[in-house]
Amino acid sequence: IANGCLRVAKGSHWKEQPPPTIAPKSSSGSDGVVANPDGNGRAGAIPEDYANQQLRFEPIELKGGQVAVFDGWIPHRSAPNTSH
């Protein structure tokens, strides 16, 4: 858990009102293709103050060889992995 363990928000299956998110910056490259909306930060992320006050994140602990599969719209976060 101490080294970047993935955590998901328990009970975050919104049926009526999803949480607020940070809108991507509108920009496009010279070829007209939309640039990576998350390239400079947190587009689509839930604002930190909302996440800390309204959501309860719990760790997903896995053993070697296990995998966690979940929808990308389920709020999730992790700290940096500082192991060597």
Side-chain angles (χ1 to χ4, degrees):
I1 292 177
N3 283 316
C5 180
L6 178 65
R7 299 181 300 149
V8 296
K10 185 172 182 170
S12 60
H13 310 292
W14 295 281
K15 293 181 180 177
E16 298 185 22
Q17 183 67 30
T21 58
I22 298 170
K25 297 176 182 174
S26 60
S27 62
S28 61
S30 59
D31 57 1
V33 175
V34 175
N36 178 359
D38 200 29
N40 291 324
R42 308 295 306 148
I46 297 171
E48 189 171 358
D49 59 338
Y50 181 92
N52 291 338
Q53 295 171 12
Q54 303 293 324
L55 301 175
R56 184 178 62 165
F57 288 89
E58 295 188 3
I60 296 180
E61 295 184 74
L62 302 173
K63 296 178 182 174
Q66 292 182 317
V67 62
V69 179
F70 60 94
D71 188 298
W73 287 104
I74 293 178
H76 56 282
R77 57 172 35 169
S78 65
N81 184 343
T82 58
S83 63
H84 296 277

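What you are looking at is a predicted structure, and each value in this text was computed from that prediction instead of being measured.
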Q: Could you list the residues that satisfy side chain to side chain contact (heavy atoms under 4.5 Å, CB included) with I60, not counting sequence neighbours?
A: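 Partners of I60 by the side chain to side chain contact (heavy atoms under 4.5 Å, CB included) criterion, ordered by chain and then number, come out as L6, V8, L62, A68.
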Q.
My understanding is that only residues two or more places apart in sequence, or in another chain, count here; which of them pass side chain to side chain contact (heavy atoms under 4.5 Å, CB included) with E58?
A.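 Per chain and number, E58 pairs via side chain to side chain contact (heavy atoms under 4.5 Å, CB included) with K10, R56.
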Q | Q54 atom CD, over 12 foreign heavy atoms within 6.0 Å | A |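 Atom CD in Q54 is packed in, count exceeds 12.
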Q.
Please report the interatomic distance CD(E61) to CD(Q66), rounded to the nearest 0.5 Å.
A.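 These two atoms lie 10.5 Å from each other.
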Q: Could you list the residues that satisfy side chain to side chain donor-acceptor pair (under 3.5 Å) with N81, not counting sequence neighbours?
A: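 For N81 the side chain to side chain donor-acceptor pair (under 3.5 Å) partners, ignoring immediate neighbours, are S83.
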Q: Kindly write out the residues that satisfy salt bridge (Lys or Arg N to Asp or Glu O under 4.0 Å) with R77, not counting sequence neighbours, or none if the list is empty.
A: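 For R77, no residue satisfies salt bridge (Lys or Arg N to Asp or Glu O under 4.0 Å) once neighbours in sequence are set aside.
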